Amino acid sequence: MKTYTDDELARTLYGIASERMQAAQRNMPCSEEVFSVLTAAAPDAVSYPAMAQLENPDFLDAAYLLLLGRPIDAPAQAAWQPQFELPTQAFRTAVLQTIIRSSEYQKHRVPLVGCPFTLAEDESQQNLLVSAQTIPPRLVRIYQRMPRFLQKLAKKIAGKE
């Protein structure tokens, strides 16, 4: 029996979901790289180092999904697209500052940890500590780390919804 790491398992699940979405003539809501970062994310904090390997467009998708709990909308995508060619640090700082200063983020207040950029004048304003959760078995953990829309997708794929 083959042993999988969490990342390999997440990428395998993405492949299965992608095949089923293509069969239904639909597209996945994010790339495999973003999905891998999402499934590795803790439910109570967002780790900047986990997002660091992503290219600018995928970083934008991951930031919206992890910090705001939703996919990026079309107008925001169109507004950010011309900036994809900016240097990595400049682009990421702009994205994170925009999200963290938004009223939508203020409702969720998911802490961003390990970020090397200065994002707010008052560091205490951007982070709110959330108590840690116990870790269940691997598949349940991966499912719980997914944003709600991906949980719904997983349920549909499994025939539970």
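Every value quoted in this text rests on a predicted model; they were computed, and no experiment measured them. Computed over heavy atoms, backbone and side chain alike; hydrogens, waters and symmetry mates excluded. Along the sequence shown, the residues carry numbers beginning at 1.
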The reported gap from OH in Y105 to CG in L68 (rounded to nearest 0.5 angstrom) is 9.0 Å

Would the distance check show the side chain of S102 and the main-chain N or O of I99 forming a donor-acceptor pair, the cut-off being under 3.5 Å?
yes

Quick one: does any side-chain atom of Q106 pair with a main-chain N or O of I100 as donor and acceptor, under 3.5 Å?
yes

Check the angle between the aromatic planes of F59 and Y48 and answer parallel, tilted or perpendicular using the 30° and 60° thresholds.
perpendicular

Exactly one candidate in L65, V37, I72 meets side chain to side chain contact (heavy atoms under 4.5 Å, CB included) with C30; the answer is L65

Could you check whether any side-chain heavy atom of Y14 comes within less than 4.5 Å of a side-chain heavy atom of T39, counting everything from C-beta outward?
no

Determine the minimum heavy-atom distance between N27 and M21, stating which atoms define it.
O-CE, 3.2 Å

Give the intermediate values and the outcome of side chain to side chain contact (heavy atoms under 4.5 Å, CB included) for residues M51 and V46.
CA-CA 9 Å; M51 297 168 50; V46 175; 3.6 Å; yes

Looking at side-chain heavy atoms only, is the closest gap between M28 and R20 below 4.5 Å?
no

Could you check if a side-chain atom of L66 sits within less than 4.5 angstrom of a side-chain atom of V110, using non-hydrogen atoms only?
no

Looking only at heavy atoms, what is the nearest atom pair of G114 and P49, with distance?
O-CD, 3.7 Å

side-chain hydrogen bond (donor to acceptor under 3.5 Å, both in side chains) partners of residues 54-67, not counting sequence neighbours, each pair once:
S31-D58

Any pair with a residue in residues 73-86 that passes side-chain hydrogen bond (donor to acceptor under 3.5 Å, both in side chains), sequence neighbours left out, goes on the list, sorted by first then second residue, please.
R70-D73

In Å and rounded to the nearest 0.5 Å, what is the CG to CZ distance from D7 to R11?
4.5 Å

